[in-house]
Amino acid sequence: MSSEDFIRRDFQTVHGYPMVYAFAQNWERIEQFKCRPEDIWVITYPKSGTTWLSEIMDLIKNDGSVEKQEKIPITERVPMLESATPGLGPPSSEYLEKMPSPRFVKTHLPIPLLPKNFWECNSKIIYVARNAKDVAVSFYNFDRMNKYHPDPGTFAEYLEKFMSGKVAFGSWHEHVTSWWEKKKDHPILYLFYEDIKEDPKREIRKVMEFLGKKLDENALDRIVQRTSFETMRDNNMVNYKSLPTNLMDHKISPFMRKGITGDWKNYFTVAQNEKFDADYEKKMSGTTLKFRTEI
Ligand code: PPS
């Protein structure tokens, strides 16, 4: 099959979760993936700040030096476990197998879809969460430009699918709350997109401490600058512009789109907002997890 056969395909269900069709093929590779204790994971529901955090982690690891970061795309420095682009080379899991430790690994997987030996490794995890309304807007625009996802339809149609978890990787509500619960018995640094936006240096320092690194103020300031939205938007090593346009069409909507909190206000009607809030309250009633939809 060529990459064209995977364009705008419906999701394939994997253990009850809607999965990007191209990623769902040969799922054994994910179940059998061998995690290592030295791995450091960045785990998110899609569109929550994964690329942002990946770049931050990699810069911290290299003490703020940008030598490697200027030449190697983020997809190779922090590969996404489940990613597969048939026709364009082997799946990321094969690349990860050959990568020396300590590896950074990105995933959007919900807990039940993790590799079988995942918890045995007791690896460090950084989880990034973003408020549901901005995620819905970002995900909608991503589905418009990312041809490996089904066409999202109108925003009104998409919002219904988002609320019922019929989007890639399933329900946002389940994802953020189940990973929040896991924090009780596993080393997870749980961060919020809105907090990084509000005070990037404070949050970058948390990541540095979690990774067991010591960087001076100058290095931290350089990382803040290099991971600002504007700098990342114009950086071809992180903005996904190097991918073929039959996969991602940035003319429809750029991957680095707006990078703000509160864009949902430009999309939600009053009626949609009321319905979303009522549904949200039901689904989030049993958790202590709280989000900000504006900062
Ligand atoms: S993915 O495809 O799930 O890995 O996407 P992800 O990287 O998680 O999320 C993409 C959104 O994050 C925004 N982004 C940033 N915001 C602020 N600052 C920085 N540096 C930054 N880098 C990426 C990106 O613009 C997407 O959000 P929207 O709201 O669509 O702009």
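This structure is a prediction, so every number in the text was calculated from the model and none was measured. The analysis underlying the following values was restricted to heavy atoms, covering all of them including side chains, and did not include hydrogens, waters or symmetry mates.
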Please determine whether salt bridge (charged side-chain N to carboxylate O under 4.0 Å, His left out) holds for the pair K206 and E209, giving the CA-CA distance in whole Å, both sets of side-chain angles, and the decisive distance to 0.1 Å.
CA-CA 5 Å; K206 282 186 196 165; E209 281 162 12; over 6 Å; no
Nearest heavy-atom neighbours spanning A24 and M19
CB-CG, 3.8 Å
N-O pairing of K116 and E28 below 4.0 Å
no
dist D195:CG -> E203:CD (nearest 0.5 Å) comes out at 4.5 Å
With the side chain counted from C-beta on, respond yes when N146 and M248 share a heavy-atom pair under 4.5 Å apart, and no when they do not.
yes
Not counting sequence neighbours, which residues clear ring-ring contact (aromatic ring centres under 6.0 Å, His included) with H186? List them please.
W119
Return the orientation label for the W41 and F118 ring planes: parallel under 30°, perpendicular over 60°, tilted otherwise.
perpendicular
Can you tell me how far the CD1 atom of I43 sits from the CG atom of L189, to the nearest 0.5 Å?
12.0 Å
With rounding to the nearest 0.5 angstrom, report the CG to CD distance, N26 to E31.
10.0 Å
hydrophobic_cluster_shared for L191 and I260, side chain cutoff 4.5 Å
no
Please work out whether the ring planes of W264 and F268 are parallel, tilted or perpendicular, with thresholds of 30° and 60°.
perpendicular
Would you find more than 12 non-hydrogen atoms of other residues, nucleotides or ligands less than 6.0 Å from K166 atom NZ?
no
Say whether I204 and I295 are linked into one hydrophobic cluster, either directly or through other cluster members, by side-chain heavy-atom distances under 4.5 angstrom.
no
Mind telling me whether F291 and W172 have parallel, tilted or perpendicular rings, with 30° and 60° as the class edges?
tilted
Mind checking what makes ring-ring contact (aromatic ring centres under 6.0 Å, His included) contact with F6, not counting sequence neighbours?
Y21
Is D216 paired with R222 through a side-chain N to carboxylate O contact shorter than 4.0 Å?
no
With a 3.5 Å distance limit and no angle check, can you tell me whether T231 reaches the backbone of Q225 through a side-chain donor-acceptor pair?
yes
From D143 atom CG to S253 atom OG, the distance as rounded to the nearest 0.5 Å
10.5 Å
Among pairs that include at least one residue of residues 74-87, which meet side chain to side chain donor-acceptor pair (under 3.5 Å), considering only residues two or more places apart or in two chains?
E55-R77, D58-R77, E82-T107
Is the shortest heavy-atom distance from the side chain of T44 to the side chain of L53 under 4.5 Å?
no
Quick check against the 3.5 Å criterion: does N117 have a side-chain atom that pairs as donor or acceptor with the backbone of K34?
no
Heavy-atom count around K124 NZ within 6.0 Å, excluding the residue itself: above 12?
yes
Could you check whether any side-chain heavy atom of H250 comes within less than 4.5 Å of a side-chain heavy atom of R257, counting everything from C-beta outward?
no
Spell out, as yes or no, whether a donor-acceptor pair under 3.5 Å connects the side chain of S178 to the backbone of E174.
yes
Sub-4.5 Å side-chain heavy-atom contact between I252 and K147:
yes
With the side chain counted from C-beta on, respond yes when W52 and T227 share a heavy-atom pair under 4.5 Å apart, and no when they do not.
yes
Give the C-alpha distance, both sets of side-chain angles, the deciding distance and a yes or no for side chain to side chain contact (heavy atoms under 4.5 Å, CB included) between M208 and L211.
CA-CA 5 Å; M208 176 190 83; L211 297 181; over 6 Å; no
For a quick check under 3.5 Å, do K47 and N141 share a side-chain donor-acceptor pair by atom type?
no
Kindly say whether S65 contributes a backbone atom to a donor-acceptor pair with the side chain of N62 at under 3.5 angstrom?
no
State, with a plain yes or no, whether a side-chain heavy atom of K133 is found less than 4.5 Å away from one of Y280.
no
Main chain of K282, side chain of S285: is a donor-acceptor contact present, judged purely on distance under 3.5 Å?
yes
Measure across D63 and A219 and return the closest heavy-atom pair with its distance rounded to 0.1 Å.
O-CB, 4.0 Å
Classify the ring geometry of H149 against F142: parallel below 30°, tilted from 30° to 60°, perpendicular beyond 60°.
perpendicular
Go through the structure and list residues passing ring-ring contact (aromatic ring centres under 6.0 Å, His included) with Y267, not counting sequence neighbours.
F155
Would W179 and Y45 count as a ring-ring contact (aromatic ring centres under 6.0 Å, His included) if you check the C-alpha gap in whole Å, the side-chain angles of each, and the deciding distance to 0.1 Å?
CA-CA 10 Å; W179 279 106; Y45 188 80; over 10 Å; no
Does E230, at its CD atom, have more than 12 non-hydrogen atoms belonging to other residues, nucleotides or ligands within less than 6.0 Å?
yes
What is the minimum heavy-atom distance between K161 and P152, and which atoms define it?
NZ-O, 3.3 Å
Run the ring-ring contact (aromatic ring centres under 6.0 Å, His included) test against Y190 and tell me which residues pass, sequence neighbours left out.
Y127, W180, F192
Verify, without hydrogens or angle tests, whether D263 (side chain) and D134 (backbone) share a donor-acceptor contact under 3.5 angstrom.
no
Determine, stepwise, if the pair T287 / H173 fulfils side chain to side chain contact (heavy atoms under 4.5 Å, CB included).
CA-CA 10 Å; T287 182; H173 311 80; over 6 Å; no
Smallest separation among heavy atoms of I60 and V207, with atom names
CD1-CG1, 3.7 Å
Could you check whether any side-chain N or O of S228 sits under 3.5 Å from a backbone N or O of V224, counting only pairs where one atom can act as donor and the other as acceptor?
no
Can you tell me how far the OG atom of S92 sits from the CD1 atom of I30, to the nearest 0.5 Å?
8.5 Å
Just verifying a value: how many Å separate L159 CG and Y140 OH, rounded to the nearest 0.5 Å?
10.5 Å
Closest non-hydrogen contact found for M237 with I72 is SD-C, 3.6 Å
From M80, Q12, H108, residue fulfilling side-chain contact (heavy atoms from CB on, under 4.5 Å) relative to F23
M80
Kindly indicate whether the side chain of V135, heavy atoms from C-beta on, has any atom under 4.5 Å from the side chain of F162.
yes
Salt bridge or not between K197 and E194? Use side-chain N to carboxylate O under 4.0 Å.
no
Residues that K283 engages under side-chain hydrogen bond (donor to acceptor under 3.5 Å, both in side chains), provided they are two or more places apart:
D279
Return yes if some donor-acceptor pair links the side-chain N/O of D277 with the main-chain N/O of E274 below 3.5 Å, else return no.
no
Apply side chain to side chain contact (heavy atoms under 4.5 Å, CB included) to residues N239 and D234 and explain how you reach the verdict.
CA-CA 7 Å; N239 65 14; D234 300 337; 5.8 Å; no
Is any side-chain heavy atom of F11 closer than 4.5 Å to a side-chain heavy atom of P150?
yes
To check you understand the geometry: which heavy-atom pair defines the closest contact between F255 and M145, and what is its length?
N-CE, 3.7 Å
